[in-house]
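Note that ligands are numbered from 1 as they come in the structure, with each ligand's atoms numbered from 1 the same way. Positions are given from 1, in the same order as the sequence printed here.
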Amino acid sequence: MKISVIGAGYVGLISSVCFAKLGHDVVLIDIDEEKLAVIANKEVLPIYEEGLQELLEEVHIETSSDYDKTIESDVIFICVGTTADENGAIFSEYLINAAGKIAEVLKKQRGYCVIAVKSTVGPGMTENLLIPLLEKSGKKAGKGFGVCMSPEFLQEGRGIYHFMNPSRIIIGEYDRKSGDTLERLHQGLKAPVMRTNLRTAEMIKLASNSFLATKISFINEIGNICKQLGIDTYDVARGMGMDDRIGHKFLNAGIGFGGSCLPKDLRILISGAREVGYQPDLLQDVSTLNETQALKPVELLKKHITLKGATVGILGVAFKPGTDDIRDSRAIKIAEVLLARGATVKAYDPLALDYFIKTFPKVTRATREEVMDCDAVMILTEWEEFKELDYRGKIVIDGRRIEKAREARIYEGVCW
Ligand code: UDX
Ligand code: UDX
């Protein structure tokens with residue numbers, strides 16, 4: 001099939017190389033010419049994803065900023081950024097921009113084409129915002145073109161693996177023909193397929209990420225209680241996880257969830273609920289707890305040193321190991337508070353330091369050794385290499401459970 005993908009970010013780029021790997025002809029569109037040139041020349045990519053560089057070298061994808069290249073596509077995926085502000089209001093400019101451009105293409109398109117939304121959107125946005133914009137082409141959804149909501153569930157750092165081995169394929173369809181086209185496209189992937197309507201697919205994405213967030217805030221709340229009682233949260237999680245109704249995954253207590261998806265999708269769902277007059281207290285508490293959890297390392301450190309004039313070392317600024325992405329990383333909030341309290345902050349991360357220092361020029365780029373020589377050390381991302389370090393004689397606040405750090409002179413686990 002001929003597939004076009006709008007937006008060469010994490011989701012758009014991973015989807016493009018994987019669809020090409022599955023044998024489809026892929027056109028990748030982005031407004032960022034520089035990014036496109038790097039992709040077209042197969043240079044070192046601006047984002048780190050396991051296996052992505054290698055797969056890009058293996059497959060062919062056409063890149064352009066010219067939407068006319070998408071004409072005669074069977075499916076056009078929308079993967080532009082959909083960030084959301086602190087109140088969960090989605091920044092939909094990019095979506096509107098892309099939909100407008102696709103409507104121009106639809107005017108020239110002779111064959112049938114499905115427009116599939118892969119960016120995370122609020123409940124009802126595909127029907128209420130995107131379809132009217134696409135119909136500015138003069139064609140009607142369900143007749144001149146098809147529409148689907150095709151949520152992705154890939155985890156950063158392992159995006160290729162998740163795309164090629166999905167736990168399920170959710171297809172939200174405007175009509176049967178749209179859904180049939182998308183099901184045919186995913187035939188190369190072995191996974192259960194669930195066909196449903198557009199807004200249910202939107203909600204499955206938001207609810208799935210919000211459930212993962214809830215599981216993390218739950219175990220962090222249990223952790224905060226366990227710490228008061230001198231119980232090891234990770235033992236509790238192990239005992240809980242033996243029950244397959246609970247499961248072991250996403251029960252790692254610590255400083256909370258970050259990244260471009262969980263915090264944002266939770267906010268989008270909370271704001272969507274309020275828009276329809278429902279007060280989502282549980283989801284709100286999941287979000288609030290996540291915000292306060294990130295402050296716990298600083299509170300704990302204040303018990304041991306005076307922050308003003310101290311030098312604090314941060315091990316790990318990526319929102320999780322295996323990625324260079326710092327979007328909504330907990331390290332951002334912690335660095336902000338430490339700097340505000342008059343501490344000097346040094347940071348080390350194997351992959352994400354460039355983006356972090358660009359965001360936080362006041363933070364000093366450091367080696368692992370320089371971080372370990374600080375007055376105190378905070379572990380904020382559980383990179384494997386931190387399990388090898390010598391913590392003896394140090395003051396360590398551990399936000400991500402690095403067992404070896406217990407050898408420190410003073411060791412505090414955030415919620416254990
Ligand atoms: C995106 C959505 O933001 C997220 O909600 C969804 O869950 C997955 O897809 P991500 O791939 O991480 O997430 O976004 P980002 O890395 O910001 O990439 C978006 C790309 O779209 C960028 O390359 C940007 O240049 C491009 N873009 C943006 C366009 O091509 N056109 C636009 O009008 C705006
Ligand atoms: C998430 C979802 O997992 C994925 O399905 C969706 O498509 C996009 O959003 P990602 O943003 O890559 O993926 O991050 P994830 O691996 O889910 O981790 C999110 C955050 O939760 C990280 O900050 C991580 O450190 C934290 N986390 C995760 C915990 O604190 N404890 C856990 O047990 C698991």
- Message: With a 4.0 Å heavy-atom cut-off, what residues sit around ligand 2?
- Response: Glu152, Phe153, Leu154, Gln155, Glu156, Lys205, Asn209, Leu212, Ile216, Phe250, Leu251, Asn252, Gly256, Phe257, Gly258, Cys261, Leu262, Phe319, Lys320, Arg400
- Task: Tell me, please: is Ile6 in heavy-atom contact with ligand 1, that is, under 4.0 Å?
- Result: no
- With a 4.0 Å cut-off on heavy atoms, is Ala98 touching ligand 1? no
- Task: Classify the ring geometry between Phe91 and Tyr94 as parallel (under 30°), tilted (30 to 60°) or perpendicular (over 60°).
- Result: perpendicular
- Should the ring pair His186 and Phe19 be called parallel, tilted or perpendicular, given that the plane angle runs from 0 to 90° and is split at 30 and 60? perpendicular
Are [X] and [Y] close enough for a salt bridge, meaning some N to O gap below 4.0 Å?
X      : Y      : answer
Glu291 : Arg330 : yes
Arg195 : Asp180 : yes
Lys333 : Glu336 : no

- Side chains of Asn224 and Gln293: do they bring a donor and an acceptor to under 3.5 Å? yes
- Can you find an N/O atom of Asp30 closer than 3.5 Å to an N/O atom of ligand 1? yes
- Query: Would you say ligand 1 has an N or O under 3.5 Å from any N or O of Asp32?
  - Reply: no
- Message: Checking side chain to side chain donor-acceptor pair (under 3.5 Å) between Glu104 and each of Lys101, Lys108, Lys107, which is the one that passes?
- Response: Lys107
- Under a 4.5 Å cut-off applied to non-hydrogen side-chain atoms, are Ile102 and Phe145 in contact? no
Please could you name the atoms of ligand 1 that [X] approaches to less than 4.0 Å, counting only its heavy atoms?
X     : result
Ala8  : 20 (C), 23 (O)
Lys35 : 22 (C), 23 (O)
Gly7  : 20 (C), 21 (O), 26 (C), 30 (O)

- Note on the structure: Scanning both residues in full, the closest heavy-atom pair of Thr120 with Thr82 reads O-OG1, 2.8 Å
